[in-house]
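This report refers to the structure that appears directly beneath it.
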Number of protein chains: 2
Amino acid sequence: MRITKSDVIQTAADIADKNGLSNVSLKAVAESLNIRTPSLYNHIDSLEALLREIAHNGMKTMNERMMQAAIGKIGDDAIKSVGITYLNYMIEHPGIYETIQWATWHGTEETGKIFDNYLSLLKTLALSCNFNPVNIDEILNLLTGVLHGYTTLQLRYAFTKPDEVRTALSSALDTVLAGIHQKYDQHEKEHL
Amino acid sequence: MRITKSDVIQTAADIADKNGLSNVSLKAVAESLNIRTPSLYNHIDSLEALLREIAHNGMKTMNERMMQAAIGKIGDDAIKSVGITYLNYMIEHPGIYETIQWATWHGTEETGKIFDNYLSLLKTLALSCNFNPVNIDEILNLLTGVLHGYTTLQLRYAFTKPDEVRTALSSALDTVLAGIHQKYDQHEKEHL
DNA sequence: TTATTTTAACTAATGTAATTAGTAAAGTCA
DNA sequence: TGACTTTACTAATTACATTAGTTAAAATAA
């Protein structure tokens with residue numbers, strides 16, 4: 001009977017996934033929870049703040065899943081595994097992902113911090129590829145860019161043909177990693 | 001004194017660029033035009049429809065600029081030139097670009113058609129690279145993904161350091177194209 | 001257990017914005 | 001000129017988000 005902040009966020013996220021971000025309203029959330037709209041203000045500051053919480057929760061969950069996916073792997077393998085996990089989350093939670101994109105434009109420092117955690121994971125994995133560390137930021141920008149752009153543009157197909165899109169993403173990452181290797185691999189021959 | 005549909009869209013697009021998509025309201029647009037809010041309904045069907053028109057206009061303008069940028073060029077050069085043009089438009093019109101992203105989720109058939117025109121341009125350019133035509137769709141998905149993702153994620157830096165980001169994008173495209181060449185180049189030796 | 005404090009619900013009221021209906025003036029065309 | 005269309009207007013409706021003030025239940029401390 002008693003509702004927690006976490007309940008509110010979960011309910012809102014479910015509405016986003018089912019009906020899209022534009023159908024998330026305090027009214028709809030309150031109805032789902034069987035309380036009156038103003039009661040939500042005991043848990044949240046505003047609709048905007050709620051949307052940010054949805055995004056932050058989603059980003060954190062993604063980060064956790066991606067870390068799990070990377071365990072026991074290094075190099076290209078690890079990066080591709082993380083990429084597939086990223087895509088899978090989008091397929092499972094399109095509404096949350098839409099909210100995350102919204103937060104790209106309406107984010108706060110907190111948003112930036114969570115994104116940094118994601119960058120930090122990818123950085124560790126990229127370094128395990130033995131790329132020249134000098135270029136690591138360049139490489140990171142490219143990897144995050146591909147991942148975000150590719151998955152976003154393929155999402156519409158991902159619902160009907162998830163396996164095809166997963167395979168295609170893996171192949172696309174192979175291609176990009178090939179380019180990165182060609183350009184940024186450390187040449188250790190100097191020490192022979 | 002008399003207002004046209006085009007005026008309405010332009011005004012709304014300007015507000016988006018100056019104050020962000022979330023500040024585009026019929027009220028704000030009407031005030032900018034010095035008319036009453038309901039009068040806007042003589043030109044548009046709804047707020048949503050207006051936002052879609054902003055996006056469509058922007059996409060068409062981008063397509064035109066990219067075609068211009070590709071004239072007289074082929075191969076990697078042409079693709080990089082188009083990419084820089086894409087980035088430049090985003091820097092100039094962040095609000096319109098935000099609306100275009102919104103239209104990714106709330107688009108219609110029309111939205112798809114305009115996007116197809118963009119794909120068609122890139123396809124022509126990609127074919128001028130002498131990649132194996134069999135893989136052209138794969139290549140296209142990768143190129144559009146990189147372009148969209150990379151520019152979106154770098155946009156925040158692009159306002160303060162546009163030249164750096166432009167150079168970085170060009171370099172990122174080089175890397176991706178290197179990977180694509182390695183994997184998909186036609187080997188014409190067969191005919192020797 | 002009892003008293004105190006906090007939490008989280010409620011109703012009532014306000015303000016903003018989108019949308020619809022109905023109307024009048026100004027421009028277009030026969 | 002007269003019929004018709006376009007585009008503006010005012011008035012009214014609706015849907016939300018948000019604030020204020022109140023109350024009852026739950027949590028905590030004595």
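Here is the naming used below: chain letters follow the sequence lines, and residue numbers restart at 1 for every chain. Bear in mind that the values here come from a model prediction, so they are computed numbers and not experimental data.
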[options]: which one has an atom nearest the side-chain heavy atoms of [X]?
X: Arg2(A); options: dC10(C), dT19(C), dA8(C); value: dA8(C)
X: Ser39(B); options: dA9(C), dC9(D), dT19(C); value: dC9(D)
X: Asn42(B); options: dA18(C), dT7(D), dA17(D); value: dT7(D)

Please give, in whole Å, the distance from [N] [atom2] to [X] [atom1]?
X: Leu51(B); N: dA17(C); atom1: CG; atom2: C1'; value: 14 Å
X: Asp7(A); N: dA8(C); atom1: CG; atom2: P; value: 11 Å
X: Ile35(B); N: dA18(C); atom1: CD1; atom2: P; value: 13 Å
X: Asn34(B); N: dA8(D); atom1: CG; atom2: P; value: 12 Å
X: Asn23(B); N: dT16(C); atom1: CG; atom2: P; value: 15 Å
X: Tyr41(B); N: dT14(D); atom1: OH; atom2: C1'; value: 12 Å
X: Ile44(A); N: dA17(D); atom1: CD1; atom2: C1'; value: 10 Å
X: Lys27(B); N: dA18(C); atom1: NZ; atom2: P; value: 9 Å

- Task: Determine, for Lys113(A) against Asp116(A), whether the closest basic-nitrogen to carboxylate-oxygen distance falls under 4.0 angstrom.
- Result: no
- Same apolar cluster: Ile136(A) and Tyr157(B), side chain cutoff 4.5 Å: no
- Compare side-chain N and O positions of Thr37(A) against OP1 and OP2 of dA17(D) and report whether any pair is under 4.0 Å apart. no
- Query: For His43(A) and dT7(C), is the shortest distance between a side-chain N/O and OP1 or OP2 below 4.0 Å?
  - Reply: no
- Message: Looking at Arg36(B) and dT10(D), is any side-chain donor or acceptor paired with a base atom of the opposite kind under 3.5 Å?
- Response: no
- Query: If you look at every strand shown and take non-hydrogen atoms under 4.0 Å, does Ser25(A) touch a base, only sugar-phosphate, or nothing?
  - Reply: sugar-phosphate
- Message: What contact category does Ser46(A) fall into here, base, sugar-phosphate, or nothing, at under 4.0 angstrom with non-hydrogen atoms?
- Response: sugar-phosphate
- Message: Between Tyr89(B) and His93(B), is the ring centroid distance below 6.0 Å?
- Response: yes
- Item | His148(B) and Tyr86(B) aromatic centres sub-6.0 Å | no
- Item | Asn88(B) and Arg65(B) side chains, donor-acceptor separation under 3.5 Å | no
